[in-house]
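Below is one structure, written out as structure tokens; comments come after it.
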Protein chains: 2
Amino acid sequence: MTISSEGTTLDPWYEQYASRTAGLSASEVRALFAVASRPEVVSLAGGMPAVSALPLPVIAASMERVMSTRGPAALQYGSGQGTPELREQILEVMALEGIRAGVDDVVVTTGSQQALDLVAKLFLDPGDVVLAESPSYVGAMGIFRSYQAEVAHIPMDADGMIPTALSERIASLRAAGRSIKMLYLIPNFQNPAGVTLSSERRLAIIDIARSEGILIIEDNPYGLLWFDRPAPAAMRSVEDDGIVYLGSFSKTLAPGFRVGWALAPHGIREKLVLAAEASILSPSSLNQMIISDYLAHADWKGQIDVFRGLYRERRDAMLEALEQHLPDLTWEVPNGGFYVWVGLTEGLDSKAMLPRAVKELVAYTPGTGFYADGQGRQHLRLAFCYPQPAEIREGIRRLATVVRGEQELLETFSATGPIPAVAYDPHVAAPPPNIG
Amino acid sequence: MTISSEGTTLDPWYEQYASRTAGLSASEVRALFAVASRPEVVSLAGGMPAVSALPLPVIAASMERVMSTRGPAALQYGSGQGTPELREQILEVMALEGIRAGVDDVVVTTGSQQALDLVAKLFLDPGDVVLAESPSYVGAMGIFRSYQAEVAHIPMDADGMIPTALSERIASLRAAGRSIKMLYLIPNFQNPAGVTLSSERRLAIIDIARSEGILIIEDNPYGLLWFDRPAPAAMRSVEDDGIVYLGSFSKTLAPGFRVGWALAPHGIREKLVLAAEASILSPSSLNQMIISDYLAHADWKGQIDVFRGLYRERRDAMLEALEQHLPDLTWEVPNGGFYVWVGLTEGLDSKAMLPRAVKELVAYTPGTGFYADGQGRQHLRLAFCYPQPAEIREGIRRLATVVRGEQELLETFSATGPIPAVAYDPHVAAPPPNIG
């Protein structure tokens with residue numbers, strides 16, 4: 001179901017939308033996710049951080065300090081680029097991943113999602129091509145589509161994007177006369193695939209992008225949330241001029257603040273600030289100041305360690321349950337982040353299976369959302385970030401029941417036609433956003 | 001100085017920007033405003049609300065209550081449309097201006113600036129025309145330009161936009177084959193002109209827009225901040241399907257939260273939510289919940305009365321000082337809002353005069369920023385919202401010194417050529433955003 005198809009019958013303004021608006025469609029599984037948000041469903045779908053593990057009194061104390069010492073400034077408009085204090089602190093956060101930069105080149109945004117939206121707005125004309133991993137983040141592809149750009153997926157393996165495949169795709173796109181504007185990557189604990197781009201490949205891909213004159217967008221929300229060993233140094237740590245780096249406090253602190261950032265080469269940064277001001281005037285002074293106070297007073301690195309331990313435990317619970325209940329499926333072991341990308345057995349369809357899963361009170365994200373080209377039916381994404389380990393184990397147990405049922409149906413009916421779809425009611429209230 | 005002209009020499013990515021990015025230029029007076037933010041300068045330039053008049057302990061108590069009772073939800077991602085609780089309360093706020101609507105048709109945004117940006121993104125193709133008052137809000141015109149639309153200014157008088165002029169302009173644009181996508185209006189205490197659209201003209205303009213099939217964008221940040229008598233009922237109170245209404249907590253509460261909203265017809269609202277999610281995933285849960293708590297516990301209507309009294313006093317101080325020191329200039333008396341729009345005597349140039357004003361330690365906004373077509377040199381905008389009455393009086397006294405000096409120069413040199421420009425250093429740090 002797309003909104004635009006509804007519009008033809010119900011919306012009197014339908015003829016007047018911009019051409020880019022045709023690319024704006026509701027997620028196919030949006031309505032189903034609304035059902036899946038019921039408490040009896042174990043949701044392995046959304047990428048919501050485990051904010052209940054945060055030290056709430058510590059954060060509340062930061063709010064109180066900001067209001068008692070700098071209340072009027074916190075409640076006022078601020079710089080379109082973000083407060084100098086927070087931008088200085090962001091340099092410290094990025095230094096943990098090897099990045100050295102100047103405070104002038106950081107732009108604070110309403111989550112890193114907005115940073116990506118603004119970069120896309122600055123660069124993408126209709127018909128332009130964005131190179132991205134295969135699969136890639138659904139929210140990024142939504143942005144690229146909203147500026148009428150096309151995504152060309154580059155194959156990955158367990159070490160991330162394959163440089164030779166990248167070179168070949170660039171050559172074939174250029175031969176076809178296409179304009180390639182950027183290479184979008186999530187090098188660490190990729191969403192959805194969970195894999196990490198190796199150090200060697202980071203260098204190889206930087207070389208390719210540099211020689212081809214293609215801007216790299218390095219999206220790194222999960223980098224500090226590693227489990228077994230730290231991620232390789234950020235791509236931005238070895239290349240300055242050719243990379244826009246995107247960071248976020250949504251996973252290392254909390255998404256409710258909506259504070260992220262871009263680190264961009266000087267000329268792009270100047271335009272980013274202008275585009276940000278046109279879009280929202282300035283990011284929330286209050287939220288920036290609360291985060292600054294938290295970073296100054298709290299053990300924020302220790303809190304990241306807490307998150308790392310907690311997510312590692314949940315990943316382990318998920319992998320153990322998968323081994324136990326679904327050993328015939330395939331996955332890579334993620335060394336950080338929020339997700340396990342699961343390959344189904346031949347003939348299963350993650351999108352068709354989802355209504356049955358929700359009936360069994362477990363939800364996941366079908367693989368189809370992570371491709372711009374219709375792939376993904378044989379994969380699904382499981383998020384281990386939000387549910388407790390016991391819930392994760394129960395969720396995987398339920399998922400196994402669904403998968404077994406589908407496999408049996410497939411055996412029974414494989415000679416007689418497709419599996420009949422299970423109906424669900426799309427007219428449900430308050431769907432959640434496409435988080436993660 | 002535009003950023004794009006710098007880009008040709010310094011920015012290696014200059015050739016790759018989207019065509020829309022050519023429209024993204026820094027304000028001509030941006031650098032000068034950075035100078036004007038020094039404490040010794042009386043700034044009558046920016047539209048910053050008087051947040052120091054807020055009950056800070058009351059707001060701090062709301063923060064504390066949110067954190068102690070709903071901390072994890074406040075720190076988590078939320079609905080892309082905004083929390084149902086705040087959307088219900090927004091209905092109560094809008095009811096004060098005669099608007100009846102459903103909670104489903106409200107979309108909470110990162111300030112109403114973002115709402116306007118998203119509406120523009122949904123509707124504007126390159127070359128489309130937006131009708132707007134003459135003059136109009138600089139930040140709106142920046143948004144329209146960022147989607148490569150053109151602004152056609154419709155003349156105003158003391159009762160706001162002139163309906164016959166609107167009809168004529170629509171006819172001439174249509175005759176020229178132009179696509180008119182929307183009519184952007186600030187009916188109450190307009191920014192920058194300070195005038196209010198009369199009740200009769202509201203109805204006349206709604207009729208014209210309806211019969212011509214043109215969507216109205218009613219931008220109403222100041223409506224509740226009236227001085228002598230309430231503003232007429234909102235245009236949205238008499239027309240549902242043809243109006244997107246924009247509201248904000250930035251002026252009735254505080255801009256540091258960055259919380260505004262759009263109220264839109266159903267089909268547009270559905271697309272707005274999708275566009276908002278693509279752009280920022282969801283608005284800040286924390287800030288929405290703090291505002292909800294404030295609206296539920298504090299005397300928010302009484303606080304708006306406080307603001308009304310305070311701004312009325314400042315307006316009066318400004319008008320008295322203008323009468324006293326600059327009686328040969330012209331202005332309309334604003335019945336609310338933040339601004340007085342001042343007409344200069346023949347031959348003066350508000351843009352050329354600004355460096356001299358800053359040298360005299362007073363700042364204003366030249367009229368040129370409020371027109372898309374190069375008009376405005378004979379006007380300037382004075383904001384009375386932020387400085388104390390004594391500062392306002394001193395600022396106008398300084399401004400009078402500058403105006404007298406310009407007038408004398410003009411008399412002396414009028415036969416011999418233009419007034420020589422005063423140099424200033426554009427390389428100054430930390431410019432403020434284009435607030436107001």
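Being a predicted model, the structure only gives us computed values, none of them experimental. Numbers restart at 1 for each chain; the letters A, B, ... are given by sequence-line order, proteins then strands.
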Please tell me if the side chains of A:P49 and B:Q76 come closer than 4.5 Å, counting only heavy atoms from C-beta onward.
yes
Interface check, chain A: of B:L116, B:V273, B:L124, most non-hydrogen pairs under 4.5 Å belong to B:L124
Counting only non-hydrogen atoms closer than 4.5 Å, does B:D117 touch chain A with its backbone (N, CA, C, O), its side chain (CB onward), both, or neither?
side chain
When rounded to the nearest 0.5 angstrom, what is the spacing between CD1 in B:I280 and CD in A:Q114?
7.5 Å
Decide side chain to side chain donor-acceptor pair (under 3.5 Å) for B:T21 and A:K271; before the verdict, give the C-alpha distance in whole Å, the side-chain angles of both, and the deciding distance to 0.1 Å.
CA-CA 8 Å; B:T21 301; A:K271 289 184 164 58; over 6 Å; no
Quick check on B:S112 against chain A: is it the side chain, the backbone, both or neither that has a heavy atom closer than 4.5 Å?
neither
A:P255 and B:L75, any side-chain heavy atoms less than 4.5 Å apart:
no
Under a 4.5 Å heavy-atom cut-off, does chain A meet the side chain of B:D104, its backbone, both or neither?
neither
Report which part of B:F249 has an atom under 4.5 Å of a heavy atom belonging to chain A: side chain, backbone, both, or neither.
neither
Pick one of side chain, backbone, both or neither for B:A275, based on which atoms fall under 4.5 Å of a heavy atom in chain A.
both
Does the structure place the NZ or CZ of B:K121 under 6.0 Å from the centre of the six-membered ring of A:Y17, at an angle of no more than 45° from the ring's axis?
no
The side chain to side chain contact (heavy atoms under 4.5 Å, CB included) partner of B:R258 among A:S285, A:S282, A:P283 is A:S282
